[in-house]
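The structure appears right after this line, and notes come after that.
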Amino acid sequence: MSNVKIKIENLYKIFGHNAKGLTSEVKEGLDKDELLAKHNHVLGLDNINIDIEEQSIQVIMGLSGSGKSTLIRHINRLIEPTEGVVMVDNQDVTKLNKNELLEFRRNRTGMVFQRFGLFPHQNIVDNVQLGLSIKGVDKSESNETAMFWIDKVGLNGFEYKFPNQLSGGMQQRVGLARALANDPDILLMDEAFSALDPLIRSDMQDQLLELQKNLKKTIVFITHDLDEALKLGDRIAILNGGKLVQDGKPEDILLSPADEYVTNFVKDVNRTKVLKIKTIMKDSIQSGSDCPKVAMDSNIESCLPLFLDGESVLSVTDDEKNIVGSVSREEVANILKRY
Amino acid sequence: MNFTEFFTAFPEMSKSGLRAFKKTVDGAYRQFSREYGDAIEAVFDPVLFFLIWFEKLLQNSPWIVVLIVFLALIYFGSRSIYLTIGSFIAFIFIGYFGMWEDTMSTVSIIGVCTFLSIGFGIPIGILMSGSDRARASISPILDIMQTMPSFVYLIPVVMLLGIGKIPGLLAVVIYAIPPIIRLTDLGIREVDKEVLEAAEAFGANRSQKLFRVQLPLALPTIFAGINQTIMMALAMVVIASMIGVKGLGQPVLKAIANQYFTMGLLNGLAIVVLAIIFDRVSQSFGKRLQQHRQGSHE
């Protein structure tokens, strides 16, 4: 069990002039539509509790209006909570005073935006060193850091271009470099790849995962795209109408959706591609053991051809090629049936 | 009888009452200007000093030096050789027809007015953009400044400060400052919310947000405001000359009074020429400021 980096407890957000006065009614069970009809206030977040582990990627998913962008903005307090606690490393962000909050944002968090949020009047190097220059880091030092990250995200040669001379994918690389140049331990990504076309998006996801292997940041990633969530998330939290409806590992979400909303979300996903063999394998080792072998970390799809060739049981191996279990034709069929 | 009168004539206050009301207000203001006129005039002394210095500088320097400096400014402001040549011809025309001195006076007062309008207008615009309450209270004042006939506010200004450069300057600034205030406010409010949020997310404080994001991004709009301010200041030149401001307006007034058609036309044309030059230079300078927006993406 690794450390909890960000702990969100009983977080409520109501938009409107009498937000505080209405929290008690929301606590008594008034939902989003009723609050809007009765008091003309918008319920942003309704009693959110999430623990986000250090160095993990926590995906927060939901349709538009579900409160996911509101939630991520509570972590660096771009939005003030109506009630609740946001603990980062055992420090309550909601209690920071003005200067402490600025320091917190300058040093602890980096943020990547859906529409990039780059400065159109500055070139790429200056954009990337935004955080550093706000902190007042020495110009030559911050320049060097910026160059390093521009190189890291693959934008050499574009240092002195302006943002609107770059394609969407490249602009978002600048956004990512800008967030990383600050060396924060928390990376907040608000639908960071949603505005990109599918191929570029997939590229960026791969790049993020690649970077994360070395960086080991705590990443909070907002998306409305389940495939993206499954690809990136160590854990996925699903929001609906400001409420947290499920929080779990990708396979939990797929195999045991908490309610109809989540079921609808996951029903079109190709499970054989997403689920790993280890999630359905049995510990019992097949005695004959001359049956074909598959790696436990590969996806279920990869063993389908073997079953179609007539095998009924496969041996499952770990990283060192030791046989650790087995998987049968029936179990795989069961997974497929649940579509 | 009283009943029908109520419908035929508006029930107005009695003549004597109205007279007393006007007398009281006038008297109070006269009292006020007698007591504080000198003090208020003293406040404007540095401006007056600068205005006179600037005017003398333009008038007393050799015309050829002034012309070269103007043309250089025009070229570096607009980067257009055609505009520079056009301006050269225009200035030659102005000088040849004996309007050089008056033109220098007008340029100096327009320059100082623009400078003052920028100096006060931009901070007021920033204030307005930051709070809806400030905007709600400043907006109607700007409306009054722009729609109130200038002669009306010239009366108290002249009562207070007499006839001369400073009252003229005040009249011009009052008339010319609203566009720069409004457009500074508008420009800042139109800054992309996500860009501003990005600055905030990286821990920018208020002044960092203002100077790194809001003002640079609002600059093209602010420049449109400066352009408008210059145009409106020029439009006030004739009215300002009625209360003793020297420049191209005075010959125009004289021409109206004496029906000197050619004199009026020549001086009027000189004002037009100045307006065109100011406008083109400030517009193309403003356009260059937003070049990053047109950057080609292939």
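Chain A is the first sequence line, chain B the second, and so forth, proteins listed ahead of strands; every chain is numbered from 1.
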Is it true that atom [atom1] of [X] has more than 12 heavy atoms of other residues, nucleotides or ligands lying nearer than 6.0 Å?
{"X": "A:Glu100", "atom1": "CD", "result": "yes"}
{"X": "A:Arg115", "atom1": "CZ", "result": "no"}
{"X": "A:Phe148", "atom1": "CZ", "result": "yes"}
{"X": "B:Tyr153", "atom1": "OH", "result": "yes"}
{"X": "A:Asn90", "atom1": "CG", "result": "no"}

Any residues in residues 191-214 of chain B near chain A, with a heavy-atom distance under 4.5 Å, and which are they? B:Asp192, B:Glu194, B:Val195, B:Glu197, B:Ala198, B:Ala199, B:Glu200, B:Ala201, B:Phe202, B:Gly203, B:Ala204, B:Asn205, B:Gln208, B:Arg212, B:Val213
What residues of residues 70-83 of chain B sit under 4.5 Å from chain A when only non-hydrogen atoms are counted? none
Please state whether the side chain, the backbone, both or neither of [X] comes within less than 4.5 Å of a heavy atom of chain B.
{"X": "A:Phe104", "result": "neither"}
{"X": "A:Gln114", "result": "both"}
{"X": "A:Arg73", "result": "side chain"}

At a heavy-atom distance under 4.5 Å, which candidate from A:Leu78, A:Asn76, A:Val112 has the highest pair count against chain B? A:Leu78
Of all of A:Lys135, A:Arg105, A:Arg178, which one pairs up most often with chain B through heavy atoms under 4.5 Å apart? A:Arg105
